[in-house]
Amino acid sequence: MPGGAQKVEGLEFLGALSDHEAAFRQELLDWLDEHLVGRFAELLGVGGPADDAQWEARVLWEKELATGGWRGISWPTELGGRGESMRCHLIFEYEYVRSRAPYRPSLQGESLFGPAMLRFGTDEQKQRFLSRILSADEYWCQGFSEPDAGSDLASLRTAARRDGDEWVINGQKVWTTFGHYSDWIYVLCRTDHDAPPHKGITCLLVKLDQPGVEMRPIRTLAGNADFNEVFFSDARTTADMVLGEVNGGWAVAMSMLGVERGTAMLTHQLAFEQEVTDLFATARQNGRAADPLVRQRLADAWIGMRLRRFATMQVVAKVVAGEPLGPEVSLSKLGAAVWHQDLTELHLDILGPAGAISGPGPEPTGPQRSFLLSRAETIYGGANEIQRNIIGERLLGLPR
Ligand SMILES: Cc1cc2nc3c(=O)[nH]c(=O)nc-3n(C[C@H](O)[C@H](O)[C@H](O)COP(=O)(O)OP(=O)(O)OC[C@H]3O[C@@H](n4cnc5c(N)ncnc54)[C@H](O)[C@@H]3O)c2cc1C
């Protein structure tokens, strides 16, 4: 172990940090201290995986991060990344969340699409797209779900056919998070109607700003419009805009969903820990911590958080070892979603009548917003029942 190796509170799951890792962490902390000020300090704790609050301001913050070189931490340097290890990547995620820096609008591009592009993309595609993601100049959204194809994704009907050097796309997607803020969409399309459902799907990269694409935002009960319906009517993309193999889109989609349920969830889970700290502070402040029933629920919330951490560590261990994520991510995704919904309910209960009062604007804020937005967590990235099916079939070997 190097001389300066140290364990850091909160980062115990990584064991002792090497000198390099400790220096990386310190550089990050200093940078955040220096830059998370002024107009950016107003963004502390703002945004979430399905929350577009203060989007434009957060995009400016994203640019600030890009200028500081704090994007693509573990991506290769020749593609514009920082070339650090996965461990440094995790240190970044943890300290970023702990600093309460705004939730990053780049999730779809950098955290979901990027890893798939690194794995399945051609050299030309990587050169074309990855640097624009890292410079915060292009945003991406995910075109998987359709009105009749969510859990049963393989039944999707949006179709693409070749026309000379182009693909022509027709169909509809739905629940496209942050689509109205995006420049590009990765779309699962049926390209072979005779093959078994999951073998006739191709992942196409499609520019959104074109006459054949119509994006319609959907307003949610939290007051925001973070997702959309997308209509493709003879939309076009060039023949080389295929991610992975033609008719090999299922492998790309499964890899992305693995990341969404696994590595990308880590950030949310770390943010949830911050909410527990806030909740305990509120309960102490308003005296509810003295109520024996509230204390029980607070203790349960804390225990749940510790258990989430163990599940997270299992995922972290695989990521650090460079092993592909498997069905175990369903355990962590399912557990975190259920636990977090309970936590947000507890927060409102502890606030009592004050929990019914939100900020001055038309949209709910604080714990109320968190409560409303958390309702989606047991659906996106695969609903609870689907995670239970995966656990039953693939971890327990139960019949389909
Ligand atoms: C906030 C949010 C953001 C999202 N963002 C995106 C995005 O950016 N891009 C995208 O493509 N999609 C996105 N989605 C869609 C998401 O992936 C789907 O909602 C999810 O896969 C469920 O599909 P569905 O809504 O069609 O429900 P359905 O598949 O119709 O399911 C309805 C209910 O039936 C249950 N069910 C279905 N099949 C089974 C089964 N075999 N066994 C047991 N129970 C079953 C489900 O668990 C669910 O409770 C998002 C969803 C949300 C809520």
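The residues of the chain are indexed from 1 along the displayed sequence. For the numbers below, each heavy atom of this structure counts, side chains included, while hydrogens, waters and symmetry mates do not. Order of appearance sets the numbers: ligands from 1, and atoms from 1 within every ligand.
When hydrogens are left out, the protein atom nearest atom 14 (N) of ligand 1 is Trp175 CB, 3.4 Å; that is the closest non-hydrogen contact. Closest to atom 29 (O) of ligand 1, if we only count protein heavy atoms, is Ser151 OG, 2.6 Å. If you check which protein heavy atom lies closest to atom 39 (C) of ligand 1, you get Ile386 CD1, 3.6 Å. The protein non-hydrogen atom at the shortest distance from atom 9 (N) of ligand 1 is Gln142 O, 2.9 Å. Ranking the protein heavy atoms by distance from atom 19 (O) of ligand 1 puts Ile379 CG2, 3.4 Å first. For atom 40 (C) of ligand 1, the nearest non-hydrogen atom of the protein is Asn389 ND2, 3.6 Å. In this structure, atom 52 (C) of ligand 1 lies nearest to the protein heavy atom Tyr380 CB, 3.5 Å.
Residue contacts with ligand 1: Asp152 is placed with no nitrogen or oxygen under 3.5 Å of a nitrogen or oxygen of the ligand (distance criterion only). Considering backbone and side-chain N/O of Phe227, none are found under 3.5 Å from N/O of ligand 1. The distance criterion of under 3.5 Å between nitrogen or oxygen atoms is not met by Glu146 with respect to ligand 1. For ligand 1, the polar-atom distance check finds no N/O of Asn384 at less than 3.5 Å from any of the ligand's N/O atoms.
Taking a cutoff of 4.0 Å between a charged side-chain nitrogen and a carboxylate oxygen, Glu21 and Arg87 qualify as a salt bridge. Using a cutoff of 4.0 Å between basic side-chain nitrogens and carboxylate oxygens, Lys199 and Asp192 are not scored as salt-bridged. With respect to Glu146 and Arg157, no salt bridge is recorded, no charged nitrogen being found less than 4.0 Å from a carboxylate O. Between Arg71 and Glu62 a salt bridge is recorded (basic side-chain N to carboxylate O distance below 4.0 Å).
For Asp226, no heavy-atom contact with ligand 1 is shorter than 4.0 Å. Neither the backbone nor the side chain of Lys173 comes within 4.0 Å of ligand 1, counting heavy atoms alone.
Counting heavy atoms of neighbouring residues, nucleotides and ligands inside a 6.0 Å radius, atom CG of Asp30 exceeds 12 of them.
One side chain, Thr191 or Asn247, offers a donor N or O that lies under 3.5 Å from an acceptor on the other. Looking only at atom types and distance, the side chain of Asp52 has a donor-acceptor partner in the side chain of Tyr181 under 3.5 Å away.
Both tests do not hold together for Arg82 against Trp75: distance to the six-membered ring centre under 6.0 Å, angle to the ring axis within 45°. Figure legend: cation-pi geometry between Arg162 and Trp167, with NZ or CZ positioned under 6.0 Å from the six-membered ring centre and within 45° of its axis. For Arg306 and Phe310, the positive end is not near the middle of the six-membered ring at less than 6.0 Å and at most 45° from its axis.
With atom 4 (C) of ligand 1 as the reference point, the heavy atom nearest to it among Asp148, Val187, Thr177, Leu156 is part of Thr177. One option in Ala376, Ser155, Gly150 has a heavy atom closer to atom 24 (P) of ligand 1 than any other, and that option is Gly150. Looking at Glu385, Gln108, Arg388 and measuring to atom 35 (C) of ligand 1, the nearest heavy atom belongs to Glu385. When the heavy atoms of Gly392, Gly179, Ser145 are ranked by distance to atom 11 (O) of ligand 1, first place goes to Ser145.
Residue-ligand proximity, Ala383 to ligand 1, at heavy-atom distances under 4.0 Å covers atoms 46 (C), 47 (O).
Formation of a donor-acceptor pair under 3.5 Å by the Gln125 side chain with backbone atoms of Thr122 is found in this model.
Ring planes of Trp31 and Trp61: tilted class, angle from 30 to 60°.
Per-atom contact check: atom 33 (C) of ligand 1 does not touch the protein, criterion being a heavy-atom distance below 4.0 Å.
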